[in-house]
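See below for the structure under consideration.
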Amino acid sequence: MNKIYNIYKILYENYGPQGWWPITGYGYHKLDYSFPRESNEIFEVCLGSILTQNTTFASVVKSLNNLHVKSALHADAIESMDIDELKEAIRPSGYFNQKTEYILEFIKFYKSLKGATPTREALLHVKGVGEETADSMLLYGYNKREFKVDAYTKRLLIELGFADEKTKYSEIKSFMQSSLKECVKDEKELRIIYQEFHALIVEHGKHFYSKKPYAKGCFLKDII
DNA sequence: AGCCAGGCTACCG
DNA sequence: CGGTAGCATGGC
């Protein structure tokens, strides 16, 4: 058992299963690791992945609910919405002008897939979809084994001595994936761990890696 | 009042 | 290539 897998175990013991990605439009259901998701759920995860860029998920839920009450939590409905109405609906998530553009760009791409799973490379060509958003869609929407790296992940790894400020997204991602692969051979189990681990890091990050100085009170520092 | 949030693009040197 | 301004709302 390497240190990264050990971190996962400790976080899991402390916070329990997180059950990401929570689906809002059809009722929150925790711990649903089914595969594949229904197509509307995949779309909701992708939409949420764009909306959650640099904001809190609570704000995203408001936006998703705004769309849901308009029966507009689907690609076609959003695409045919009045653009100002769409902006108003997603306003709570911030950057609503940019995100409206991103969402409409993504919907064009999403519909062109006709239900197929996109490659990561193709996703990265969609305006508004960067590495983290692409991995978020693939990991939580399409249930693919793509570890999602965020600011908390990087801060945690820096604090524990596994990375520095210059470490790139791709380096952190492959480090996390290769570490976990050493310990977990079953592919489905590995995918679920990717899903849980990122969520656990976020939960842990909210406690100890939001305010500077980071890591104050982080119990992982004493163990790892 | 100010900082932070489940980032990305455009543009700069 | 790396570094940074701009994007915007809501919560604490």
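Protein chains get the first letters and strands the later ones, always in sequence-line order, with residue 1 at the start of each.
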Which part of the nucleic acid, if any, lies within contact of Val149(A), taking any heavy atom under 4.0 Å across all strands shown: a base, the sugar-phosphate backbone alone, or nothing? nothing
If I pick the P atom on dG13(B) and the same atom on dG6(C), what distance separates them, to the nearest angstrom? 15 Å
In dot-bracket notation, what is the pairing pattern of DNA chain C, taking Watson-Crick (N1-N3 plus N6-O4 or O6-N4) and G-U wobble (N1-O2 and O6-N3) contacts under 3.5 Å, with [ ] crossing and | for other strands? .||||||.||||
Roughly how many Å apart are dC7(C) and dC4(B), using the C1' atom of each and rounding to a whole number? 15 Å
State, to 0.1 Å, how close Glu159(A) and Ala215(A) come at their nearest heavy-atom pair, and which atoms those are. CG-CB, 3.2 Å
Using the P atom as the reference point in each nucleotide, state the distance between dG10(C) and dC8(B) in Å, no decimals. 22 Å
Can you list, in residue-number order, the parts of residues 54-63 of chain A that come under 4.0 Å of DNA chain B, counting heavy atoms only? Asn54(A), Thr55(A), Thr56(A), Phe57(A)
For a quick test of reading the model, state the closest non-hydrogen atom pair linking Lys99(A) to Ile50(A) and the distance between them. CE-O, 3.6 Å
Side chains of Leu138(A) and Lys148(A) in contact at under 4.5 Å (non-hydrogen atoms): no
Using a 4.0 Å cut-off on heavy atoms, which residues in residues 88-112 of chain A reach DNA chain C? List them by number, or say none. Arg91(A), Pro92(A), Gly94(A), Tyr95(A), Phe96(A), Asn97(A), Gln98(A)
Per the under-4.0 Å heavy-atom filter, residues of residues 200-207 of chain A near DNA chain B come out as Val202(A), Lys206(A)
Would you please name every residue forming a salt bridge (Lys or Arg N to Asp or Glu O under 4.0 Å) with Asp82(A), sequence neighbours left out? none
Does the side chain of Ile158(A) reach to within under 4.5 Å of the side chain of Thr167(A), using non-hydrogen atoms? no
Inter- and intrachain pairs under ring pair (Phe, Tyr, Trp, His ring centres under 6.0 Å), touching residues 83-109 of chain A, at least two apart: Phe106(A)-Tyr110(A)
Strand-adjacent residues in residues 162-172 of chain A, judged by heavy atoms under 4.0 Å from DNA chain B: none
In whole Å, measure the gap between the P atoms of dG2(C) and dG6(B) for me. 26 Å
Electrostatic pair Glu44(A)-Arg37(A), nearest N-O below 4.0 angstrom: no
Please enumerate all residues that pass salt bridge (Lys or Arg N to Asp or Glu O under 4.0 Å) together with Glu189(A), with sequence neighbours excluded. none
Just so I know, are the side chains of Phe57(A) and Pro22(A) near enough to count as touching, which here means a heavy-atom distance under 4.5 Å? yes
Salt bridge present between Glu131(A) and Lys173(A) (N-O < 4.0 angstrom): no
Testing the basics here: between Ser93(A) and Val60(A), what is the closest heavy-atom pair and its distance to 0.1 Å? OG-CA, 3.6 Å
Can you give each donor-acceptor pair under 3.5 Å made by side-chain atoms of residues 9-17 of chain A, sequence neighbours left out, with the distance rounded to 0.1 Å?
| residue | atom | partner | partner atom | Å |
| --- | --- | --- | --- | --- |
| Asn14(A) | ND2 | Ile10(A) | O | 3.0 |
| Tyr15(A) | OH | His204(A) | ND1 | 2.7 |

Please list, by residue number, the residues of residues 127-139 of chain A whose heavy atoms come closer than 4.0 Å to an atom of DNA chain B; answer none if no residue qualifies. Lys127(A), Gly128(A), Val129(A), Gly130(A), Glu131(A), Glu132(A), Thr133(A)
How far, in whole Å, is dC12(C) from dA1(B) if one measures between their C1' atoms? 12 Å
Is there side-chain contact between Glu79(A) and Lys108(A), with at least one heavy-atom pair below 4.5 Å? yes
Outermost DNA chain B nucleotides near chain A [under 4.0 Å, heavy atoms]: dC4(B) to dA10(B)
If you assign each of Thr52(A) and Leu124(A) to its closest nucleotide in DNA chain B, which residue comes earlier from the 5' end? Thr52(A)
Scan for ring pair (Phe, Tyr, Trp, His ring centres under 6.0 Å) pairs involving residues 133-164 of chain A, sequence neighbours excluded, and state none if there are none. Trp20(A)-Tyr140(A), Trp21(A)-Tyr140(A), Phe147(A)-Tyr194(A), Phe147(A)-Phe197(A), Phe162(A)-Phe175(A)
